Trainee: 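Shown below is the structure under consideration.
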Amino acid sequence: EAQVTQNPRYLITVTGKKLTVTCSQNMNHEYMSWYRQDPGLGLRQIYYSMNVEVTDKGDVPEGYKVSRKEKRNFPLILESPSPNQTSLYFCASRKGGNGRADEQYFGPGTRLTVT
Amino acid sequence: AQSVTQLDSQVPVFEEAPVELRCNYSSSVSVYLFWYVQYPNQGLQLLLKYLSGSTLVESINGFEAEFNKSQTSFHLRKPSVHISDTAEYFCAVSELGSNTGKLIFGQGTTLQVKP
């Protein structure tokens with residue numbers, strides 16, 4: 001089954017404790033991205049990756065890092081989480097970049113709470 | 001830069017009644033248009049998209065949306081809703097020819113179908 005998986009699904013942590021949210025897709029997609037969803041704001045892009053070793057900032061990258069060492073994986077790293085990063089996070093992937101309007105496939109989401 | 005406005009945050013409606021979820025966008029360049037649906041505790045799923053051609057696009061579960069370039073709108077409609085349509089709906093745009101693949105989302109509209 002074609003899918004995007006994220007782990008963990010739920011996470012409660014404390015300020016400053018480094019964490020990683022994993023994302024993996026089994027569709028051999030080139031393009032992957034991370035979004036955060038906040039009430040009244042919809043989804044906003046954090047980072048995206050056009051292919052292995054190619055990443056770039058989205059609209060709200062502050063406080064986040066990513067890496068793309070393998071095509072299927074795109075982890076989101078919070079080096080020093082703060083309460084304003086409490087949110088619902090979605091990983092997404094699609095077949096290609098370069099302006100193609102391919103459907104983006106979304107993971108089930110990770111609900112992060114930082115106290 | 002693009003922006004998307006969903007004019008209603010919540011839309012309550014009775015089962016079998018018609019519904020319209022409104023979406024307006026702003027962009028200085030041509031865009032692709034999308035509607036995504038998010039069922040409770042799930043990720044986003046593509047409902048329908050407009051790329052080019054006929055301005056009326058349809059989904060497999062009875063929703064349709066019409067692209068109106070002069071009014072920069074992409075409203076979503078269904079003539080008769082079911083309880084199972086209860087979900088949050090997001091309108092999104094993507095810049096034509098963009099390399100980033102970024103989706104700009106509206107704030108979301110919660111459709112509440114009552115028996």
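Computation of the quantities below employed the complete heavy-atom set of this structure, encompassing side-chain atoms and omitting hydrogens, waters and symmetry-equivalent molecules. Sequence lines set the chain letters: A, B, ... in the order given, protein chains first and strands last, and positions in each chain run from 1. Small disclaimer: the values here were computed from a predicted structure and weren't measured.
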Trainee: How long is the straight-line distance from OH of B/Tyr36 back to CD of A/Gln104, given to the nearest 0.5 Å?
Mentor: 5.0 Å
Trainee: Assigning hydrophobic clusters by single linkage (Ile, Leu, Val, Met, Phe, Trp, Tyr; side-chain heavy-atom cutoff under 4.5 Å), is B/Leu47 placed with B/Leu7?
Mentor: no
Trainee: Please state whether the side chain, the backbone, both or neither of A/Gln6 comes within less than 4.5 Å of a heavy atom of chain B.
Mentor: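 No part of it gets close to chain B.
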Trainee: Does any backbone or side-chain atom of A/Arg9 lie under 4.5 Å from a heavy atom of chain B? Answer side chain, backbone, both or neither.
Mentor: side chain
Trainee: With a 4.5 angstrom heavy-atom cut-off, which part of B/Glu88 approaches chain A: side chain, backbone, both or neither?
Mentor: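 Looking at B/Glu88, just its side chain touches chain A.
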Trainee: Within a 6.0 Å radius of atom CZ on A/Arg111, are there more than 12 heavy atoms belonging to other residues, nucleotides or ligands?
Mentor: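 No, the 6.0 Å shell around CZ holds no more than 12 heavy atoms from other groups.
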Trainee: Between A/Gly109, A/Gly40, A/Gly58, which residue shows the highest count of heavy-atom pairs closer than 4.5 Å to chain B?
Mentor: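 It is A/Gly40.
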Trainee: Shared ILVMFWY cluster between B/Leu76 and B/Leu33, side chains joined below 4.5 angstrom?
Mentor: yes
Trainee: Please state whether the side chain, the backbone, both or neither of A/Leu41 comes within less than 4.5 Å of a heavy atom of chain B.
Mentor: backbone
Trainee: Around B/Phe14, counting heavy atoms of other residues, nucleotides and ligands shown, do more than 12 lie under 6.0 Å from its CZ?
Mentor: no
Trainee: Answer with yes or no whether the hydrophobic clustering places A/Ile77 together with A/Leu112; edges join I, L, V, M, F, W, Y residues whose side-chain heavy atoms lie under 4.5 Å apart.
Mentor: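 No, no single cluster joins them.
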Trainee: Which distance, rounded to the nearest 0.5 Å, do you find between the CG of B/Leu103 and the OH of A/Tyr48?
Mentor: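 Spacing of CG (B/Leu103) from OH (A/Tyr48) equals 13.0 Å.
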Trainee: Is A/Ile46 reachable from A/Val21 through a run of hydrophobic residues whose side-chain heavy atoms are each under 4.5 Å from the next?
Mentor: yes
Trainee: For the residue pair B/Lys102 and A/Tyr31, what are the closest heavy atoms and their distance?
Mentor: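 Here B/Lys102 and A/Tyr31 meet closest at N-OH, 3.7 Å.
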Trainee: Taking all heavy atoms of B/Leu44 and all of A/Phe106, pick out the closest pair and write down the distance.
Mentor: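 So the two residues come closest at O-CB, 3.5 Å.
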Trainee: Less than 4.5 Å to any heavy atom of chain B: does that hold for the side chain of A/Tyr105, its backbone, both, or neither?
Mentor: neither
Trainee: Following the transitive rule for hydrophobic clusters with a side-chain heavy-atom cut-off under 4.5 Å over Ile, Leu, Val, Met, Phe, Trp and Tyr, establish whether B/Phe105 and B/Trp35 coincide in one cluster.
Mentor: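 B/Phe105 and B/Trp35: separate clusters.
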Trainee: Do A/Gln45 and B/Ile104 come close enough that some side-chain heavy atom pair is under 4.5 Å?
Mentor: no
Trainee: Do other residues, nucleotides or ligands put more than 12 heavy atoms under 6.0 Å from the CG atom of B/Asn41?
Mentor: no
Trainee: Below 4.5 Å from any heavy atom of chain A, which atoms of B/Gln38 appear? Answer side chain, backbone, both or neither.
Mentor: side chain
